[in-house]
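Everything on this sheet refers to the single structure shown next.
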Amino acid sequence: MTDFTVGDDCFRFDGKPVRLLSGALHYFRVHEEQWEHRLAMLAAMGLNCVETYVPWNLHEPREGEVRDVGALGRFLDAVERAGLWAIVRPGPYICAEWENGGLPVWVTGRFGRGVRTRDAAYRAVVERWFRALLPQVVRRQVSRGGPVILVQAENEYGSYGSDAVYLEWLAGLLRQCGVTVPLFTSDGPEDHMLTGGSVPGLLATANFGSGAREGFEVLRRHQRKGPLMCMEFWCGWFDHWGAEPVRRDPEEAAGALREILECGASVNVYMAHGGTNFGGWAGANRSGPLQDGAFQPTVTSYDYDAPVDEYGRATEKFRLFREVLAEYAEGPLPALPPEPVGLPGPVRVELAEWAGLGDVLEVLGGPETESGVPPTFEELGVDRGLVRYRVAVPGPRQAYPLGVSGLRDRAVVSVDGARAGVLTEESGTLPEPVAGPAEVELWVESLGRVNYGPRLGESKGLTGGVLHERQYLHGVRARGLRLDAFEAADAVAAVPFGPVPEGPGATGLFRGAFMVEGAAGVDHAGLELPGWTRGFVWVNGFCLGRYWSVGPQRTLYVPGPVLREGANEVWVLELEEAGEPRVELGPGAPVVAGAPGAVHG
């Protein structure tokens, strides 16, 4: 029987010392038909292992509705075919710049501060989830002839809490579910993180982007023996909407990688290939040491300035990493697979049909509720999407300031059918006062839930109320529109489309068609919406994710397998202000070599 173990100073495979040269690639951020190519790129870079998270909320968006956990198993089978080992990080919390850190909103909405603790009710739903998921891992462990060699217990727990009872229970649950390969934890190389996140008897690993010698010295203070491993070597970083893009110098990153290996350590390059936050699953952060500052939503692209870019292409960072890794690999490295081919372009898509947001909501929305105070997204069962709130201003009364408290995250407001402004958490009062009587309508969108720190699981929507002067307006009607409502077969076909309004500025769902020849040979395309403001795009029913004119992202990645030979369809859900009724498709963004910029870690 094949065996993978944690020795006193190294990992061992059937008793032979091995060094893990791993790279992160998340199966849920890459189209399934492209897994094989991306894994081949990792092998060609000199890696012998791949690491992936598992997002609970993707697979169980509503309680009891477990969807396609087999995707993890199919990915692990692809890993085995690629000749790589696998590290699985099943959570239940994953961070990963993913919506709500991978926790379903029905979990965080119900258990609040009890999540990621010994809370009995929270542990019960985690156990139910793990018993549904983990057979995909257990049957593919290396001892059974599969690729899985390591499994993580929780994730960066020391950055969040110190509930040792919870961590030890979770490690025990993994064992009860049949996980026999070594378990590990991963935390920042700081005393408070390692004391809060480590579990006796489990391998502790460290996450950082530079300073390997210092980081491993801290780790050794907490774990005197066992192999050293940087479980997340941050070779790049992710971007936030409205901020400058982050780039890391390739030479500097390659030097930091070499330092890890010179320490005799194993490594997991995070990310080796980042992929894309399809479907509006991008998370968000809060600024400040206590994560109590400005809200920072993450962009759709998860390119991460990784050595294999979002389009599956090798960058300068790939070339330099390959040179470093070749010195530590066993035998010559595989050749690179063929470079992905982009859509010949440009292709201009005219959006000839339109339906207003109200009409879309009537067809695809949930039931309308009425209550004294506005319900949150969680109370309406909305994870990704938007909610329409309606409330009356009594009258007659004079004009007073009208605003909202506890807004998360962005509201387009109309008064008596006329647009009155856009509100945010930082700017929650309309520019012009409102007299009564009046009807107020607020379309509120979640821009992504916080995935890291103490603000994890915070509610979305109108978490406070609508205020006229200092008076709360009660009797609020609310109706949610989930993004996954667009996924149902023929759902959008039932929307009453009509001609596009003349001139820019409309909101609603736009639809158009375009032709593709030779779709089978196209690996990717890039889609742009010049002049449009904020919303979501689908190609042939596949949600590419959010676009937003604040940047820095301008081009949305389109996986080649989504395209069809002949006629194709585009939907654009504009929430703020549409541009000219057209979008543009082309071969995609150029390779970013990795210009010098901010370095994290």
Will you find, in the side chains of [X] and [Y], an N or O donor that is under 3.5 Å from an N or O acceptor?
| X | Y | answer |
| --- | --- | --- |
| Ser159 | Asp187 | no |
| Gln152 | Arg89 | yes |
| Trp234 | Glu232 | yes |
| Tyr166 | Glu154 | yes |
| Asn285 | His240 | yes |
| Gln223 | Ser198 | no |
| Arg38 | His273 | yes |
| Trp129 | Glu127 | no |
| Tyr157 | Asp163 | no |
| Thr298 | Glu97 | no |

So salt bridge (Lys or Arg N to Asp or Glu O under 4.0 Å) across residues 191-207, not counting sequence neighbours, yields Asp191-Arg221

Less than 4.5 Å apart, any side-chain heavy atom of Thr108 and any of Pro104? no

If we only count heavy atoms from C-beta on, is the Asp409 to Phe295 side-chain gap below 4.5 Å? yes

Closest contact, heavy atoms only, [X] versus [Y]:
| X | Y | value |
| --- | --- | --- |
| Pro90 | Phe130 | O-CE1, 3.8 Å |
| Gly465 | Tyr472 | CA-CE2, 3.9 Å |
| Ile149 | Cys49 | CD1-SG, 4.1 Å |
| Gly461 | Tyr389 | CA-OH, 3.6 Å |
| Pro245 | Pro552 | CD-CB, 3.8 Å |
| Val391 | Val466 | CG1-CG1, 4.2 Å |

Taking the six-membered ring of Trp237, is the NZ or CZ of Arg248 close enough (under 6.0 Å from the centre) and on axis enough (within 45°)? no

Think Arg116 forms a cation-pi with Tyr160, using NZ or CZ under 6.0 Å from the six-ring centre and within 45 degrees of its axis?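 Ring-cation test returns yes.
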
Tell me whether the rings of Trp98 and Trp281 are parallel (<30°), tilted (30 to 60°) or perpendicular (>60°).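 Judged by the thresholds at 30° and 60°, the geometry between Trp98 and Trp281 is parallel.
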
Can you say whether the rings of Phe542 and His31 are parallel (under 30°), tilted (30 to 60°) or perpendicular (over 60°)? tilted

Check the pair Glu441, Arg477 against salt bridge (Lys or Arg N to Asp or Glu O under 4.0 Å), reporting the backbone distance first and the verdict last. CA-CA 9 Å; Glu441 187 171 276; Arg477 291 154 288 160; over 6 Å; no

Asn155, Leu194, Val199 screened by side chain to side chain contact (heavy atoms under 4.5 Å, CB included) with Thr185, the one that passes: Val199

Greater than 12 external heavy atoms within 6.0 Å of Arg113's CZ: no

Flag if over 12 foreign heavy atoms under 6.0 Å of CD, Glu244: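 No, not enclosed.
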
Has [X] got a side-chain atom pairing as donor or acceptor with [Y]'s backbone, closer than 3.5 angstrom?
| X | Y | result |
| --- | --- | --- |
| Asp68 | His59 | no |
| Trp443 | Val413 | no |
| Ser266 | Leu20 | yes |
| Arg140 | Glu80 | no |
| Thr463 | Gly406 | yes |
| Arg128 | Ala132 | no |
| Gln141 | Thr180 | yes |
| Ser301 | Asp303 | yes |

[X] side, atom [atom1]; [Y] side, atom [atom2] - distance, nearest 0.5 Å:
| X | Y | atom1 | atom2 | value |
| --- | --- | --- | --- | --- |
| Asn451 | Glu99 | CG | CD | 9.0 Å |
| Leu203 | Leu228 | CG | CG | 9.0 Å |
| Leu442 | Leu423 | CG | CG | 7.0 Å |
| Ser186 | Tyr270 | OG | OH | 10.0 Å |
| Trp56 | Glu60 | CH2 | CD | 6.5 Å |
| Leu150 | Met229 | CG | CE | 7.0 Å |

Between Ser143 and Asp3, is a side-chain contact (heavy atoms from CB on, under 4.5 Å) present by the stated rule, with each step listed? CA-CA 6 Å; Ser143 58; Asp3 193 26; 5.8 Å; no

For Ala121, which residues count as a side-chain contact (heavy atoms from CB on, under 4.5 Å) partner, sequence neighbours excluded?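 Testing Ala121 for side-chain contact (heavy atoms from CB on, under 4.5 Å), a comparison that skips the adjacent residues, returns Phe111, Asp119.
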
Please step through side-chain contact (heavy atoms from CB on, under 4.5 Å) for the pair Ile260 and Phe216, ending with a clear verdict. CA-CA 9 Å; Ile260 293 172; Phe216 287 138; 4.3 Å; yes

Would Phe536 and Tyr547 count as a close aromatic pair, with their ring centres under 6.0 Å? no

I'd like to know whether Arg139 forms a salt bridge (Lys or Arg N to Asp or Glu O under 4.0 Å) with Asp77, so could you lay out the CA-CA distance, the side-chain angles of the two residues, the decisive distance to 0.1 Å, and finally the verdict. CA-CA 11 Å; Arg139 69 174 65 109; Asp77 292 341; over 6 Å; no

Take Glu63 and Arg110 through the salt bridge (Lys or Arg N to Asp or Glu O under 4.0 Å) test and state the conclusion after the steps. CA-CA 11 Å; Glu63 185 173 10; Arg110 181 184 307 170; 2.4 Å; yes

CA sep, side-chain torsions, deciding dist, call: Arg220, Glu217, salt bridge (Lys or Arg N to Asp or Glu O under 4.0 Å): CA-CA 5 Å; Arg220 273 290 179 244; Glu217 285 177 5; over 6 Å; no

Run the side-chain contact (heavy atoms from CB on, under 4.5 Å) test on Arg410 and Glu425 for me, step by step, so that the C-alpha distance in whole Å, both residues' side-chain angles and the decisive distance to 0.1 Å come before the verdict. CA-CA 7 Å; Arg410 192 173 178 91; Glu425 182 178 297; over 6 Å; no

Test Met231 against Glu156 for side-chain contact (heavy atoms from CB on, under 4.5 Å), laying out the working first. CA-CA 10 Å; Met231 187 53 67; Glu156 292 186 319; over 6 Å; no

